[in-house]
Amino acid sequence: MVAAYKALFNLVVAFFLVLSLEGIGRKITARIQRRIGPPWYQNFIDLFKALSKHPFSNGWIFDFGVLMALGGTMATAMVIPMGSAFWTPFPNSDNFFVIMYLFAVGALGMAMGMVGSGNPWSSIGVSRALTQMLGYELPYLIVISSTIFHYKTASIHKLIEMQRGGWNLLVMPLGGIIAFVSLMGMLGKKPFDIATAPAEIASGPMTELSGKYMGLLHIMHVFAIFVEISLFVDIFLGGGNFGWYLVKFIVVWVLAVMISSVLPRFRIEQMIKFYWGVPLGLAFLNALFVLLGWTL
Amino acid sequence: MKERTIWEQIADSFRSRSIWMLHYCTGCGAMELPPTMTARFDMERFGIAPMATPRQADILLITGYLNTKTLRRVIYTYEQMADPKYVIGFGSCTINGGIYFDSYSTINRLDYYIPVDVYIAGCMPRPEAILEAFNYLMEKIRKGEADGWKRYRENYDWYKQNQIRSLGEVYVHDEFHE
Amino acid sequence: MTNSMSNLVKILESFNPFVEEIDEKEIKITVSPDKVVAVLETLKANGYSHLSLMTCVDWIDDNQLELVYILFSWEDGGKFLVSTRIDRSNPKFVTVKELWPVARFYEREIHEFFGVEFEGNDDMKPLFLELWDERPPLRKDFDPRDYSRKKFPDREYEKDVIKEAKIFRGEING
Ligand code: SF4
């Protein structure tokens with residue numbers, strides 16, 4: 001029972017934290033571009049407005065895909081530990097691999113629904129998104145595997161406990177940096193927002209989304225951001241109690257926003273070349289160091 | 001006008017604070033949008049953001065003269081947008097034809113074909129005027145007066161008849177896609 | 001007239017053209033319709049290989065249509081305007097799409113806006129206008145004002161704005 005309450009608390013925190021952070025991110029981008037920018041609660045307004053519109057559906061695969069995307073991502077957000085063993089809703093199943101597989105359900109649901117809309121831009125966007133996944137997942141998974149090998153556990157809250165002595169980022173700095181670069185790709189932030197490129201492919205997978213569907217996918221996106229940044233904070237920044245966890249979360253997000261606000265967009269093949277070039281090589285180097293025991 | 005329920009009032013106040021415009025430009029007015037969007041006038045502070053497809057957008061900007069060929073596409077686009085949707089007509093060309101009043105391919109009056117909520121006078125309106133119009137539209141939405149989409153639905157026959165009269169038929173033939 | 005251009009004009013003498021020098025690098029030659037293709041071929045063989053524009057002018061008083069081909073040379077930057085006049089009431093000409101494939105589209109456009117038939121070019125679908133139901137619109141006897149009134153209804157103003165403006169300026173008494 002307690003676990004269920006904690007899981008619900010996870011969702012509530014994710015919703016309010018990430019939506020306000022997105023608004024703050026827009027504000028930061030605006031300030032960097034010398035604009036005033038929208039208020040920090042703008043994304044709440046956008047979301048509720050989207051939910052209040054009268055949308056069009058594109059058949060049951062489309063509806064089902066959107067629900068599956070939202071459901072899969074919500075389920076993932078429920079099992080994520082928030083910084084410590086106490087804030088872990090399901091201590092027995094917060095294994096990294098469980099989270100990765102659950103997370104894939106959401107992504108596949110989105111791909112299915114959006115291709116089901118029948119719009120060519122959506123299909124192009126989905127294929128770009130999957131290609132991009134191939135790009136960033138490879139270095140990321142190699143870094144995570146070396147982490148798991150180093151600490152001899154894949155359970156996130158145990159990983160957090162093992163980092164009492166020092167953050168993983170300091171133990172293997174190379175791995176931490178590669179993971180952050182992959183995180184930028186996961187978040188779909190500026191140099192890597194290839195899948196949704198509004199100027200080239202009309203916002204890609206979201207082309208046919210109107211009103212409520214847009215709102216639901218926005219919520220899914222919110223939970224996805226929560227999962228991705230939480231994993232980084234837990235695995236590399238050592239979690240911490242709830243307050244520290246929030247601080248680290250915000251710092252990582254603000255850093256990502258600031259980097260993305262000054263960069264233009266990669267083309268799809270440039271992105272793949274980028275990820276499979278230096279980051280992949282460094283990830284292997286990092287794995288080698290871990291195997292040889294040369295960690296700080 | 002019908003009384004709005006409390007939910008509609010709340011929804012309207014949300015709609016007025018978050019306007020996603022379709023980034024689609026016809027005619028000269030396209031030039032006035034970049035300054036309105038960028039640092040000098042910054043319309044994002046009112047919650048106005050550009051969107052790439054008609055499905056996601058709330059507001060359609062007709063930024064200048066419309067010839068019959070474009071009008072067909074505009075009608076398509078307008079009908080693809082999700083309710084509630086709003087239209088702003090820019091410049092004298094959309095009001096009464098402007099300097100193209102006697103052109104054989106340019107329509108004279110936009111609100112015969114799709115319902116317009118706000119017109120901006122000028123040739124071309126400056127960004128200040130555009131922001132003013134956006135604020136006026138927000139006020140109208142908040143009060144529930146921006147009901148162009150309802151008018152389009154109620155008077156669909158009348159609009160259709162006007163469209164057919166000026167265009168012959170509202171169907172897009174496109175040799176490059178057939 | 002540059003040297004190479006005057007040489008070319010000498011070559012073209014045999015078509016007995018009417019030569020007009022517009023400026024240093026621009027020469028207009030007017031020939032009779034049956035010689036146009038030969039002139040164009042000669043020019044193309046001598047470096048004027050770029051068809052910049054092909055267009056048409058309506059001389060309604062002479063009952064003639066003037067076809068103009070503008071050729072550009074990438075070698076010396078010169079321009080030749082080859083023009084010819086054809087009958088307006090039954091406008092027919094031959095296509096030059098074998099010389100320049102891009103002429104297909106220019107010919108379609110001229111067919112659409114002036115009603116000239118090009119023999120040999122069988123793709124004469126409308127290019128710009130959709131569902132056009134009147135005489136070709138760039139002919140001088142087409143009245144766009146009338147057409148616009150018929151097709152695109154105007155806004156009816158209740159106020160007489162002009163009169164008010166005149167009163168305001170003090171030109172008439174209100
Ligand atoms: S009103 Fe003026 S600026 Fe606007 S579209 Fe017409 S001619 Fe262009």
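Reminder, nothing fancy here: chain letters follow the sequence lines and each chain counts from 1.
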Quiz prompt | Atom group of Thr38(B) that falls short of 4.5 Å from chain A, counting heavy atoms | solution = backbone

Quiz prompt | Nearest atoms (heavy-atom pairs only) where Phe56(A) meets Glu79(B) | solution = CZ-O, 4.2 Å

Quiz item: Hey, which residues of residues 105-113 of chain A are touching chain B, say heavy atoms under 4.5 Å apart?
Solution: none

Quiz item: Where on Asp58(B) is there a heavy atom nearer than 4.5 Å to chain A: the side chain, the backbone, both, or neither?
Solution: both

Quiz item: Non-hydrogen atoms of chain A under 4.5 Å away: do they reach the side chain of Gln80(B), the backbone, both or neither?
Solution: backbone

Quiz item: Side chain, backbone, both or neither: which part of Met43(B) has an atom under 4.5 Å from a heavy atom of chain A?
Solution: neither

Quiz prompt | Shortest non-hydrogen separation from Thr53(B) to Thr207(A) and the atoms involved | solution = OG1-O, 3.0 Å

Exercise. Answer yes if the side chains of Arg15(B) and Ser52(A) hold a donor-acceptor pair under 3.5 Å, and no otherwise.
Key: yes

Practice problem: Decide if atom NZ of Lys273(A) counts as having more than 12 heavy atoms of other residues, nucleotides or ligands within a radius under 6.0 Å. | Solution: no

Exercise. Name the option with the most non-hydrogen atom pairs under 4.5 Å to chain B; the candidates are His54(A), Lys49(A), Glu208(A).
Key: Lys49(A)

Practice problem: For chain B, find its close neighbours in residues 210-223 of chain A: heavy-atom separation under 4.5 Å, sorted by number, or none. | Solution: Ser210(A), Gly211(A), Met214(A)

Quiz prompt | Results of side chain to side chain donor-acceptor pair (under 3.5 Å) for Thr70(B) - residues two or more places apart only | solution = Asn67(B)

Quiz item: Got more than 12 heavy atoms from elsewhere within 6.0 Å of CD, Gln270(A)?
Solution: yes

Quiz item: Rounded to the nearest 0.5 Å, how far does CG of Leu209(A) lie from CZ of Arg55(B)?
Solution: 10.0 Å

Quiz item: Side chain, backbone, both or neither: which part of Ser18(B) has a non-hydrogen atom closer than 4.5 Å to chain A?
Solution: both

Return all side-chain donor-acceptor pairs below 3.5 angstrom for residues 35-43 of chain A, not counting sequence neighbours, or 'none' if the list is empty.
residue  : atom : partner  : partner atom : Å
Arg35(A) : NE   : Gln33(A) : OE1          : 3.2
Arg35(A) : NH1  : Asp42(B) : OD1          : 3.2
Arg35(A) : NH1  : Glu44(B) : OE1          : 2.5
Arg35(A) : NH2  : Gln33(A) : OE1          : 2.8
Arg35(A) : NH2  : Glu44(B) : OE1          : 3.3
Gln42(A) : NE2  : Asp46(A) : OD1          : 3.1
Gln42(A) : NE2  : Arg17(B) : O            : 3.3
Asn43(A) : OD1  : Arg26(A) : NH1          : 3.0
Asn43(A) : ND2  : Glu22(A) : OE1          : 2.8

Practice problem: Taking atom CZ of Phe41(B) as the centre, report whether more than 12 heavy atoms of other residues, nucleotides or ligands fall under 6.0 Å from it. | Solution: yes

Quiz prompt | Closest heavy-atom pair and its distance - Arg34(A), Ala39(B) | solution = O-CB, 3.5 Å

Self-check item: Phe64(A) atom CZ: more than 12 heavy-atom contacts under 6.0 Å
Solution: no

